[in-house]
Amino acid sequence: MSDITMPNVAAIERSRHGSSIGQPVTRREGHLKVTGQAGYAADYNPPGLLHAVMAVSGISRGRVTHLDVAAAEAHPGVVKVMTPANAPKLAKSPDDKDHGFMFRMNVLQNDSVRFANQPIAVVIAETLEAATEGVALLRPRYAEEPARIGLDGSAAFALQAVGAGAPAKGGIGDIEAGLAEAATRFEATYETPAQYHNPLEPHATVAEWDGDKLVLHTPSQGLTMAQGRIAGLFGIDPANILIKSPFLGGGFGAKGLFSGPQVLGIMAARFVGRPVKLVLRREQMFGPVGHRGETRQTLRLGADSTGGLTALEHNTLTTTSFYDDFFEPAGTTSRHLYASPAIATSHEGVRADIGTPIFMRAPGEAPGSAALECAIDELAVKAGMDPLDFRLRNYAEIEPITGKPFSSKALRQCYAQGAARFGWASRPRAPRQMRDDDGLLVGWGVGTATFPAMIFPSEARAVLRVDGSARVEIGAQDMGQGAWTSLAQIAADGLGVDYDKLDLEIGSSALPTGGIAGGSAGTATAGSAIHHAAADVIKKLAALATSDERSPLFGAGNSGVVPRDGRLVRQDDESRGESYASILARAGLAEIDGKGSAGPNPSMQESYAMHSHGAVFAEVKVDPDFGQIRVTRLVGAFAAGRIINPRMVRSQYYGGMIWGVGFALHEHAAADPRSGRLMNANLAEYHVPVNADVPLIEAILVEEHDPHVNVLGLKGVGEIGITGTVGAIANAVWHATGVRARAFPITLDTLLERPGDI
Ligand code: MOS
């Protein structure tokens with residue numbers, strides 16, 4: 001089904017039973033990537049290909065009144081200009097929602113402008129250069145209306161649901177009573193800015209129509225969802241849509257729900273009747289494909305004389321667009337992280353003339369835990385306690401609101417191992433106590449990391465062949481997180497074959513649905529389905545062997561045999577067994593296949609709270625004259641159940657912690673309040689950490705066994721690294737300087753605006 005074959009990996013360490021699970025196997029597709037053979041969507045150039053470039057709006061609210069289509073179409077090489085006047089009408093409105101888990105889009109169905117950078121036309125040409133020049137010739141005119149921007153740009157309203165449908169309110173007990181009885185009280189408001197996902201690979205589509213059949217090369221974190229969305233919009237059978245997405249250059253949530261620009265690529269191909277490639281320019285990533293909405297979070301906390309929380313209130317105000325309803329679920333972290341007899345969380349929304357926010361790495365938990373971890377730290381200091389001791393004093397043994405036990409929780413070990421490695425015990429309690437040899441102020445801070453353990457519905461197919469090779473098929477997606485590798489490890493382990501002998505196929509909608517590579521649930525989701533598919537094959541094979549008196553396994557019973565290195569062996573005597581090849585050959589079979597599926601388990605969800613946890617320790621150095629902040633050391637200790645591949649998992653933790661550095665010190669999309677346009681929609685001015693900003697990072701993999709969370713006992717690792725890091729850095733900045741920053745990112749002017757403090 002696919003033209004991609006993975007090279008075998010020459011030698012990998014093996015554990016006792018020949019399984020590669022738990023081994024630091026290197027990236028299965030690494031060789032293809034470093035030799036340029038891994039084809040990303042935009043690398044695909046079918047015969048007859050045309051190039052499309054989007055024209056985007058220079059205003060954030062109003063209507064397009066004129067486009068100089070004639071000038072653009074007169075340019076050499078330009079084939080056609082697609083505008084609301086001539087664009088194909090979709091089978092259903094891009095504003096219609098079959099269900100809440102959908103992203104409204106702006107795809108030239110009318111002339112209205114709902115945010116800056118919204119697509120307003122698409123120029124299709126023989127070359128990229130001609131299409132780009134055609135866009136410049138359109139010279140749009142607008143009827144502009146005043147932009148409503150920011151958290152104060154329109155009236156706030158109460159919300160019912162946030163994120164993917166979590167209740168906007170949640171709590172337990174009486175906040176006012178808890179605050180009244182507290183010996184120490186603390187209240188503060190924290191602000192986090194709009195942030196924009198910027199994977200290295202921008203969204204790209206190469207669309208080819210053949211009648212009502214569509215072949216699409218485009219990066220997607222959720223192939224089945226994308227297929228369904230396209231089918232609805234174009235009024236065609238999902239089975240007529242083939243989406244290929246074998247490699248993604250990052251996604252971070254922006255490629256989770258199908259986006260408007262990807263639809264425009266498909267429309268353009270239909271419009272001109274030829275294959276069309278449409279790739280977003282970097283600045284076009286700032287608007288039509290989602291972002292993290294800004295937040296203003298107010299926390300009120302109280303603690304008794306022993307440091308025990310008596311009240312924890314967390315109210316969030318967050319922006320969304322005027323045409324859709326995604327709200328950053330920032331308060332949810334406060335529902336399960338600390339024990340308190342009174343907890344109250346709520347969310348309000350504000351509409352703005354912006355593109356709709358969407359899931360962005362650790363949606364909710366990233367800004368929510370940033371505010372919570374700063375507030376907890378401030379309360380600890382006010383209560384006269386070490387911030388780590390304070391967190392341990394308020395350790396949640398059960399999930400505080402639901403009363404459910406955790407399926408597993410090794411957070412205490414994370415605190416202990418992280419603190420020991422970091423050297424936390426020698427931290428002076430008061431701020432401004434440490435300087436390095438150059439006179440820089442040094443500060444140490446801690447933050448707790450947490451992220452829910454989820455799983456999505458998925459299916460897989462596994463095949464064993466008489467020649468001893470094996471194959472597993474699943475439409476899972478690898479954004480760079482290592483799915484190619486870890487899923488192959490799970491498959492080889494389940495089938496009991498050499499990792500080298502396994503063909504894995506992922507990244508195509510023609511394969512069984514691989515669920516979603518998101519919510520840090522990709523490995524649990526696809527891995528569980530693979531595990532069950534492999535078990536199904538082994539069961540069938542065992543039935544063949546144990547029922548045949550010529551087999552040494554005859555009479556052992558299906559449950560009495562286990563797979564080991566290409567053989568089935570008796571569980572009670574592993575020296576007695578028969579090879580897969582022999583079993584299949586005798587049965588006259590060239591191959592045998594099995595299917596498996598996985599998904600949420602309602603009874604487990606009913607019984608247990610399921611989260612990954614971690615503790616992050618940060619060291620910063622601050623220039624006492626200029627306020628420049630450098631993170632110089634990060635130690636994160638994380639417990640996320642079973643670790644399939646420690647190399648990939650460490651890499652995820654490093655990436656998460658680097659995102660945390662960006663959140664704490666760099667990322668900030670700045671809108672001009674008059675026009676609503678972003679002033680830094682490029683990677684020169686929208687700052688993300690570069691190598692010089694990334695300190696020595698250590699990730700400790702804390703052992704944790706989870707018998708409940710899913711069949712593989714693994715939890716997510718992709719997003720948790722961000723969550724503790726932001727607070728740890730902010731708290732370290734306070735410890736270095738004595739200044740509490742309550743708005744992110746923390747920049748040197750945050751510190752310099754308070755003369756005398758620095
Ligand atoms: Mo993620 S924000 O679920 O890609």
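Numbering of ligands and ligand atoms starts at 1, following listing order. Just the heavy atoms: all of them, side chains too, but no hydrogens, waters or symmetry mates, feed the values below. Predicted model, so just to flag it, every value in this text is computed and none were measured.
- Aromatic ring centres of Tyr190 and Phe744 lie farther apart than the 6.0 Å criterion allows.
- Remark: minimum distance from atom 1 (Mo) of ligand 1 to any protein heavy atom is reached at Glu719 OE2, 3.5 Å.
- With a 4.0 Å cut-off on non-hydrogen atoms, Met479 does not touch ligand 1 at all.
- Annotation for ligand 1: atoms under 4.0 Å from non-hydrogen atoms of Phe359 are 2 (S).
- Taking the six-membered ring where tryptophan is involved, the planes of His336 and His611 are essentially parallel, since the angle between them stays under 30° and well short of 60°.
- Proximity to Arg361 (heavy-atom distance under 4.0 Å) selects the following atoms of ligand 1: 2 (S).
- Aromatic ring pairs are classed by plane angle as parallel below 30°, tilted from 30° to 60° and perpendicular above 60°; the pair Phe406 and His613 is perpendicular.
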Applying side-chain contact (heavy atoms from CB on, under 4.5 Å) to Phe327 and His347, what does each step give before you reach the verdict?
CA-CA 9 Å; Phe327 300 95; His347 296 78; over 6 Å; no
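- Remark: Arg28 does not engage Asp478 in a salt bridge, criterion side-chain N to carboxylate O under 4.0 Å.
- Near Pro363, with a cut-off below 4.0 Å to any heavy atom, the atoms of ligand 1 are 2 (S).
- At least one N or O atom of Gln221 sits closer than 3.5 Å to an N or O atom of ligand 1.
- Here is the list of ligand 1 atoms found below 4.0 Å of a heavy atom in Gly519: 1 (Mo), 3 (O).
- Counting heavy atoms from C-beta outward, Gln297 and His314 have side chains that approach closer than 4.5 Å.
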